[in-house]
Amino acid sequence: MTSLSTDLVVGVDGSEASITALIWTARMAGEYHRSLRVVYAVDEVPVAYPHAVSMYADVQRLTRECGRRVLQQAQEAAAEVAPGLTVKVVFRPERPAVALRDESAYAGLLILGTPGLRRLGRILLGSVSVALAAQGECPAAFVRPHAGDDAPPVDGPVVVGVDATPVGEEAIVLAFEEASWRRAPLVAVHCWREAFLPSVFKEGGWTMDTQAIEEHERELLAQ
């Protein structure tokens with residue numbers, strides 16, 4: 001992570017999911033006493049689009065007006081949730097994934113709204129979410145929709161996955177900070193997959209010591 005700021009950055013696009021993420025972020029920024037940076041990014045209309053040359057300026061103007069409107073609404077929503085919060089709004093005429101990845105280099109936390117998970121899958125919907133989870137330069141939070149009002153859940157532990165890697169250690173530090181701030185219990189989870197090992201050992205005529213493997217993994221978790 002190369003973040004140089006403690007600002008919270010949230011990407012908005014006018015959707016219900018992004019507004020939910022904005023409200024979640026504004027509340028956090030207000031309680032953390034951090035600034036909030038709201039980013040609206042949209043790629044420019046390609047000139048190759050049929051008849052785009054004659055209407056290019058009008059399309060760009062309408063795109064910017066839409067962006068300003070979304071940012072104004074976001075600013076008003078943040079002020080309602082956290083009065084007195086310092087809110088900066090930014091319009092970036094770029095692909096959202098590129099713009100937000102650049103923003104992540106100067107953010108303490110990057111937040112996006114997501115419509116949720118596939119009914120039978122495990123992948124977050126949205127290429128922007130996937131790209132930033134893999135390439136962002138600061139911690140990222142993906143706010144899923146929830147039933148009821150706009151308030152996120154207030155009960156429950158902070159859960160962190162640990163794997164004994166340097167990146168995993170950074171995740172642990174962040175998890176401790178979040179648990180401390182939220183006054184919530186912290187649950188550390190370590191898991192591994194060994195489905196392929198039995199067939200490999202069988203092929204080599206070896207005996208796999210599953211107990212020794214489990215003891216080793218428990219040592220990693222204890223650390």
Side-chain angles (χ1 to χ4, degrees), residues 1-15 17-44 60 63-115 124-144 152 158 160-161 165-182:
M1 301 178 193
T2 60
S3 173
L4 303 176
S5 170
T6 59
D7 284 359
L8 304 185
V9 175
V10 58
V12 296
D13 59 7
S15 67
S18 74
I19 294 300
T20 298
L22 169 73
I23 292 173
W24 188 88
T25 307
R27 286 193 173 119
M28 174 181 284
E31 295 185 24
Y32 264 139
H33 302 293
R34 295 185 180 182
S35 297
L36 173 62
R37 188 174 176 89
V38 183
V39 180
Y40 178 93
V42 61
D43 202 3
E44 294 185 343
Q60 294 306 308
T63 298
R64 291 179 179 277
E65 288 179 0
C66 177
R68 285 194 292 269
R69 185 167 60 252
V70 170
L71 289 172
Q72 178 64 31
Q73 292 171 349
Q75 194 169 27
E76 293 172 356
E80 184 176 346
V81 171
L85 176 66
T86 300
V87 181
K88 308 169 189 174
V89 294
V90 180
F91 176 87
R92 297 189 61 151
E94 304 168 75
R95 285 185 295 137
V98 174
L100 291 170
R101 185 180 62 212
D102 290 345
E103 291 284 342
S104 73
Y106 306 97
L109 182 66
L110 177 66
I111 302 94
L112 288 176
T114 172
L124 284 167
L125 290 175
S127 59
V128 174
S129 298
V130 173
L132 291 170
Q135 301 175 7
E137 298 190 43
C138 73
F142 300 97
V143 181
R144 297 183 60 193
V158 172
V160 58
T165 65
V167 174
E169 291 178 0
E170 293 183 357
I172 293 173
V173 172
L174 180 63
F176 268 104
E177 291 177 353
E178 288 294 316
S180 176
W181 171 65
R182 298 176 186 278

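Fair warning: this is a prediction, and the values are worked out from it, not measured in the lab.
- Residue R68 holds its CZ atom at 11.0 Å from OH of Y40, rounded to the nearest 0.5 Å.
- In terms of modelled atom types and a separation under 3.5 Å, the side chain of S104 and the main chain of E137 share a donor-acceptor contact.
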Give every donor-acceptor pair under 3.5 Å between a side-chain atom in residues 71-89 and any protein atom, sequence neighbours left out.
unit_1: Q72; atom_1: NE2; unit_2: E76; atom_2: OE2; d: 3.0
unit_1: K88; atom_1: NZ; unit_2: D7; atom_2: OD2; d: 3.3

V143 and I111: CA distance, side-chain angles, deciding distance, side-chain contact (heavy atoms from CB on, under 4.5 Å) verdict: CA-CA 7 Å; V143 181; I111 302 94; 3.6 Å; yes
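- Between L8 and M28 the shortest side-chain heavy-atom distance falls below 4.5 Å.
- Residues R101 and L110 fail the side-chain proximity criterion, which asks for heavy atoms closer than 4.5 Å.
- Take S15 and apply the side-chain contact (heavy atoms from CB on, under 4.5 Å) test, not counting sequence neighbours, and it matches D13, A17, S18.
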Using the side-chain contact (heavy atoms from CB on, under 4.5 Å) rule, take V90 and V38 through it: C-alpha gap first, then chi angles, then the decisive distance, then the call. CA-CA 6 Å; V90 180; V38 183; over 6 Å; no
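- Closest heavy-atom contact between V158 and R182: CG2-CD, 4.2 Å.
- For A21 against G113, the heavy-atom pair with the smallest separation is CB-N, 3.4 Å.
- In terms of the salt bridge (charged side-chain N to carboxylate O under 4.0 Å, His left out) criterion, residue partners of R92 (sequence neighbours excluded) are, by chain and number, E94, D102, E103.
- With sequence neighbours excluded, no residue forms a side-chain hydrogen bond (donor to acceptor under 3.5 Å, both in side chains) with E31.
- Between P96 and A41, the closest heavy-atom pair is CG-O, 3.5 Å.
- Note that CD of Q135 and CG of L100 are 12.0 Å apart. Values are rounded to the nearest 0.5 Å.
- Contact check for I172 versus E170: no side-chain heavy atoms found under the 4.5 Å cut-off.
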Could you give me the CA-CA distance, side-chain angles and deciding distance for L36 and T25, then say whether side-chain contact (heavy atoms from CB on, under 4.5 Å) is met? CA-CA 8 Å; L36 173 62; T25 307; 3.4 Å; yes
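- Nearest heavy atoms, P139 versus L174: CB-CD2, 3.6 Å.
- Annotation: side chain of V128 is in contact with side chain of L112 (closest heavy-atom distance under 4.5 Å).
- Listed by chain and number, the residues in a ring pair (Phe, Tyr, Trp, His ring centres under 6.0 Å) with Y32 are W181 (sequence neighbours excluded).
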Assess the residue pair R69 and C66 against the criterion (side-chain contact (heavy atoms from CB on, under 4.5 Å)); give the C-alpha distance rounded to whole Å, side-chain angles, the decisive distance to 0.1 Å, and a yes or no. CA-CA 5 Å; R69 185 167 60 252; C66 177; 4.0 Å; yes
